[in-house]
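Order of listing sets the numbers, starting from 1, for every ligand and every atom in it.
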Amino acid sequence: MTDESSREDDVVDAVVETLCAAAPSIRAGLPGRRVYEEGTNPSGERQLEADTYADELLLKRLRPLDGVGEYASEERADVIDIGEGVSVALDPLDGSTNLKPNNVMGTLYSVYDEPLPTGGENLLAAGYILYGPVTTLVAARDGVVSEYILESGIKRPLREELTLPDDPAIFSFGGRVNHWFDEFEAFASETERTEGMKLRYGGSMIGDVNQILHYGGVFAYPAQTDAPSGKLRQQFEGFPIGYIIECAGGRSSDGEQSLLSGTPDGIHDRVPVYIGNDSLVESLEARLG
Ligand code: FBP
């Protein structure tokens, strides 16, 4: 291991520890921030006070870290220069529309060894902190995915080196069915009728993907007839979730290739997202192809 890569490892550790340490403050700050603010985020979506609160808190906590050069977030237009080193991209509160109906959401992170925007192949690490009945961390790095319980921001190992179960049991499809392309609708209809498969869709990508990590299956926020690039952001959502699933032995796709093979022009570019067990995503790609 070179000095530079061990230094990068230390920086990635510090980023993950900092996000974990901030989790109790984010969770505690949610109850009083369930109202929408004026204006929208760079993707044209309304922002809850909780979205901007989490974004500002995480930037404040990450800014002093040595070895972090850039900060970017789904909630702000531009990349911020905060020093020398790796680049951190955050979806501060993925699934924040779940705050009002009190369903799961969380913080999704990705760390790159190149300035942003950059391609999925420049990922060093990715993961998410899930605010569910308990707070958990799923962290992926160097081909390994591990899950932890977070108690007062401290990690306690739950499952090390986790991989997708061989027998898929879950399907989770987003978007509006009447805007699905025929090829995807055919795949969805066949999957829904497959023995042993059942529906789980909660409106938070990381909540739904965590189901796939535990039970196997397929998640998709597909291309739509009115939105051919889908809804999810390539840099903040597509890359980290593709990386986590591929590290867990699954497969990711944008409909044609691994999500990680993509390179965005802008940090708020969108991408269709298909992830899950290899066999399911392979047959989906064949249909879409
Ligand atoms: P946010 O990051 O703004 O929450 O948007 C992403 C997301 O909430 C995903 O977590 C989820 O999969 C999807 O959008 C839900 O979209 P829809 O409300 O169309 O089902």
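- Close approach of ligand 1 to R233 (heavy-atom distance below 4.0 Å) involves ligand atoms 1 (P), 2 (O), 3 (O), 5 (O), 6 (C).
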Salt bridge (charged side-chain N to carboxylate O under 4.0 Å, His left out) between R233 and D94, intermediate numbers included: CA-CA 11 Å; R233 277 55 56 146; D94 176 65; over 6 Å; no
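- Note that R287 lies outside the cation-pi zone of F187, set by a 6.0 Å cut-off to the ring centre and a 45° limit from the axis.
- Below 4.0 Å from some heavy atom of G203 lie the following atoms of ligand 1, by number and element: 8 (O), 10 (O), 11 (C), 15 (C).
- Placement of L108 and V209 within a single hydrophobic cluster is found when ILVMFWY residues are connected by side-chain heavy-atom separations under 4.5 Å, directly or transitively.
- Within ligand 1, counting atoms from 1 as listed, the ones closer than 4.0 Å to a heavy atom of L93 are 4 (O).
- Remark: distances from the non-hydrogen atoms of E237 to ligand 1 include one below 4.0 Å.
- Within ligand 1, the atoms closer than 4.0 Å to a non-hydrogen atom of E74 are 1 (P), 2 (O), 3 (O), numbered from 1 in the order shown.
- Each of the following atoms of ligand 1 lies closer than 4.0 Å to a heavy atom of D94: 2 (O), 4 (O), 6 (C), 9 (C), 10 (O).
- By the 4.0 Å heavy-atom criterion, T97 is excluded from the residues contacting ligand 1.
- On a distance-only criterion, D91 and ligand 1 share at least one N/O pair closer than 3.5 Å.
- No heavy atom of N98 sits closer than 4.0 Å to any atom of ligand 1.
- Where the criterion is an N or O separation shorter than 3.5 Å, residue side chain and backbone included, F219 fails it with respect to ligand 1.
- Residue contacts with ligand 1: F236 is excluded, as none of its non-hydrogen atoms falls under 4.0 Å.
- Backbone and side-chain nitrogen or oxygen atoms of G95 are examined, and one is located within less than 3.5 angstrom of a nitrogen or oxygen of ligand 1.
- In this structure, V271 is not a member of the same hydrophobic cluster as L90, with clusters built from ILVMFWY side-chain heavy atoms closer than 4.5 Å.
- Contact analysis leaves G174 out of contact with ligand 1, as no non-hydrogen atom separation drops below 4.0 angstrom.
- Checking T107 against Y109 by side-chain atom types alone, no donor-acceptor pair falls below 3.5 Å.
- Close approach of ligand 1 to M205 (heavy-atom distance below 4.0 Å) involves ligand atoms 9 (C), 10 (O), 11 (C), 12 (O).
- Residue E45 approaches ligand 1 through these ligand atoms, each under 4.0 Å from one of its heavy atoms: 3 (O).
- Neither the backbone nor the side chain of M105 comes within 4.0 Å of ligand 1, counting heavy atoms alone.
- A salt bridge links E147 to R159: at least one charged side-chain nitrogen sits closer than 4.0 Å to a carboxylate oxygen.
- Between R270 and E237 no salt bridge is recorded (no basic side-chain N to carboxylate O distance below 4.0 Å).
- Taking every heavy atom of S96 and a limit of under 4.0 angstrom, the matching atoms of ligand 1 come to 4 (O).
- Remark: the S172 side chain and the Q211 side chain contain no N/O donor-acceptor pair separated by less than 3.5 Å.
- At a 3.5 angstrom cut-off on N or O pairs, D208 does not count as close to ligand 1.
- Classified by interplanar angle (parallel below 30°, tilted 30° to 60°, perpendicular above 60°), the ring pair Y201/F219 is parallel.
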